[in-house]
**Student:** 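The structure is given below, and queries will be raised subsequently.
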Amino acid sequence: NDPAFLADNLIPYAPVGHIHEREIGHSLTRAGRGFSPANPVMVQFSPHVAPFFQGIGLTLHVPLRQSMSARDVHEVFREFYAGERLVHVAAEAPLVRDNAGRHYAVVGGFAVPPTDGTEVGSAGLAARRVVLNVTLDNLLKGAATQAVQNMNIAVGIDEYAGIPVLEQPVMSQA
């Protein structure tokens with residue numbers, strides 16, 4: 001990427017059909033209650049390039065099979081990732097700057113559009129959905145850390161061997 005072009009910009013790329021939509025949908029389908037390969041979770045997101053060196057921020061829109069509150073969705077994620085040391089679940093939206101130089105991803109900022117008849121704009125089009133945010137360091141968890149983790153699993157050693165693991169994510173205060 002051209003640093004001069006990126007300066008003071010946030011540039012979308014692959015706005016539809018990004019390969020990671022299918023990967024995330026596949027993983028959520030395998031983990032989700034009530035979903036199957038015949039009825040998969042369909043995830044939508046559009047990644048952006050920005051002038052920071054390390055980090056990815058994603059906003060994902062995921063349909064819900066049933067109405068749920070943001071608190072309920074947050075709890076489902078907390079339960080699912082409870083034993084995962086490289087994925088942290090937070091109530092608030094994570095910030096890219098907090099993940100730079102870190103080996104984990106942070107999922108948070110869960111929001112569900114209202115379903116009480118007050119929906120406006122696009123909220124009415126997909127009322128049964130959750131919107132959530134994910135940040136990670138694309139050079140660590142998105143590449144090197146993921147490679148070490150996969151290699152460890154492949155050779156049958158501790159998944160986290162050689163990976164510095166923090167018990168709690170770093171989160172900026174507003």
Side-chain angles (χ1 to χ4, degrees), residues 6 8-52 54-100 102 104-138 141-142 146 166 168-174:
L6 285 174
D8 299 321
N9 277 314
L10 184 65
I11 304 163
Y13 70 94
V16 295
H18 192 286
I19 188 169
H20 295 321
E21 286 180 338
R22 293 186 299 279
E23 292 171 349
I24 293 167
H26 174 76
S27 293
L28 289 173
T29 297
R30 286 185 28 225
R33 301 174 190 136
F35 290 97
S36 68
N39 183 29
V41 175
M42 303 298 288
V43 174
Q44 296 174 319
F45 73 90
S46 297
H48 292 74
V49 176
F52 36 82
Q54 288 181 257
I56 293 176
L58 293 170
T59 300
L60 292 89
H61 299 253
V62 182
L64 297 170
R65 291 197 54 132
Q66 63 191 37
S67 293
M68 296 177 74
S69 70
R71 179 175 286 152
D72 292 340
V73 174
H74 176 228
E75 187 57 30
V76 167
F77 272 75
R78 272 186 8 88
E79 287 175 15
F80 183 79
Y81 287 108
E84 177 53 60
R85 297 167 61 193
L86 296 177
V87 177
H88 295 286
V89 179
E92 61 277 354
L95 303 177
V96 170
R97 70 178 179 207
D98 292 339
N99 275 51
R102 309 273 189 243
Y104 53 78
V106 179
V107 181
F110 301 93
V112 174
T115 57
D116 59 2
T118 62
E119 305 89 13
V120 294
S122 64
L125 297 175
R128 277 198 338 210
R129 66 183 165 125
V130 63
V131 180
L132 58 111
N133 304 105
V134 179
T135 61
L136 59 91
D137 184 315
N138 54 311
K141 181 58 181 151
Q146 179 177 260
L166 293 177
Q168 294 296 319
V170 174
M171 301 291 285
S172 292
Q173 299 297 317

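We number each residue from 1, following the sequence as shown. Computed from a predicted model, the values in this text were never measured in an experiment.
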**Student:** Compile the donor-acceptor pairs under 3.5 Å between side chains in residues 80-88 and protein atoms, sequence neighbours left out, one pair per line.
**Tutor:**
from	atom 1	to	atom 2	distance (Å)
E84	OE2	L86	N	3.0
E84	OE2	Y160	OH	3.2
H88	NE2	L166	O	3.3

**Student:** Distance-only, no hydrogens or angles: does the N138 side chain make a donor-acceptor pair with backbone N or O of G55 under 3.5 Å?
**Tutor:** yes
**Student:** Among T59, L60, I24, N99, which residue satisfies the side-chain contact (heavy atoms from CB on, under 4.5 Å) criterion with V134?
**Tutor:** L60
**Student:** Looking at CG of L136 and CZ of R102, how far apart are the two atoms once the value is rounded to the nearest 0.5 Å?
**Tutor:** 13.5 Å
**Student:** Rounded to the nearest 0.5 Å, what separation is found between the CG atom of N133 and the CZ atom of F110?
**Tutor:** 9.0 Å
**Student:** Hey, could you give me the CD/CZ distance between Q44 and R129, rounded to the nearest 0.5 Å?
**Tutor:** 9.0 Å
**Student:** Mind checking whether V89 and R78 have side chains closer than 4.5 Å, heavy atoms only?
**Tutor:** yes
**Student:** Taking only residues two or more places apart in sequence, or in another chain, which ones meet R22 in a salt bridge (charged side-chain N to carboxylate O under 4.0 Å, His left out)?
**Tutor:** none
**Student:** Would you please name every residue forming a side chain to side chain contact (heavy atoms under 4.5 Å, CB included) with P63, sequence neighbours left out?
**Tutor:** none
**Student:** To check you understand the geometry: which heavy-atom pair defines the closest contact between A70 and V112, and what is its length?
**Tutor:** N-CG2, 3.6 Å
**Student:** Kindly give the heavy-atom pair with the smallest separation between A91 and H74, and that separation in Å.
**Tutor:** N-NE2, 3.7 Å
**Student:** Just jot down the side chain to side chain contact (heavy atoms under 4.5 Å, CB included) partners of D72, sequence neighbours excluded, or say none.
**Tutor:** M68, S69
**Student:** Examine distances only and state if a side-chain atom of E75 and a backbone atom of R71 form a donor-acceptor pair shorter than 3.5 Å.
**Tutor:** no
**Student:** Using the salt bridge (charged side-chain N to carboxylate O under 4.0 Å, His left out) criterion, which residues pair with E23? Sequence neighbours excluded.
**Tutor:** none
**Student:** Using a 4.5 Å cut-off on heavy atoms from C-beta on, say whether the side chain of I11 contacts that of L6.
**Tutor:** yes
**Student:** With a 4.5 Å heavy-atom cut-off, do L58 and T135 have their side chains touching?
**Tutor:** no
**Student:** In the structure I gave you, are the side-chain heavy atoms of Y104 and K141 within less than 4.5 Å of one another anywhere?
**Tutor:** no
**Student:** Applying ring-ring contact (aromatic ring centres under 6.0 Å, His included), can you list everything that pairs with H26, at least two apart in sequence or on another chain?
**Tutor:** none
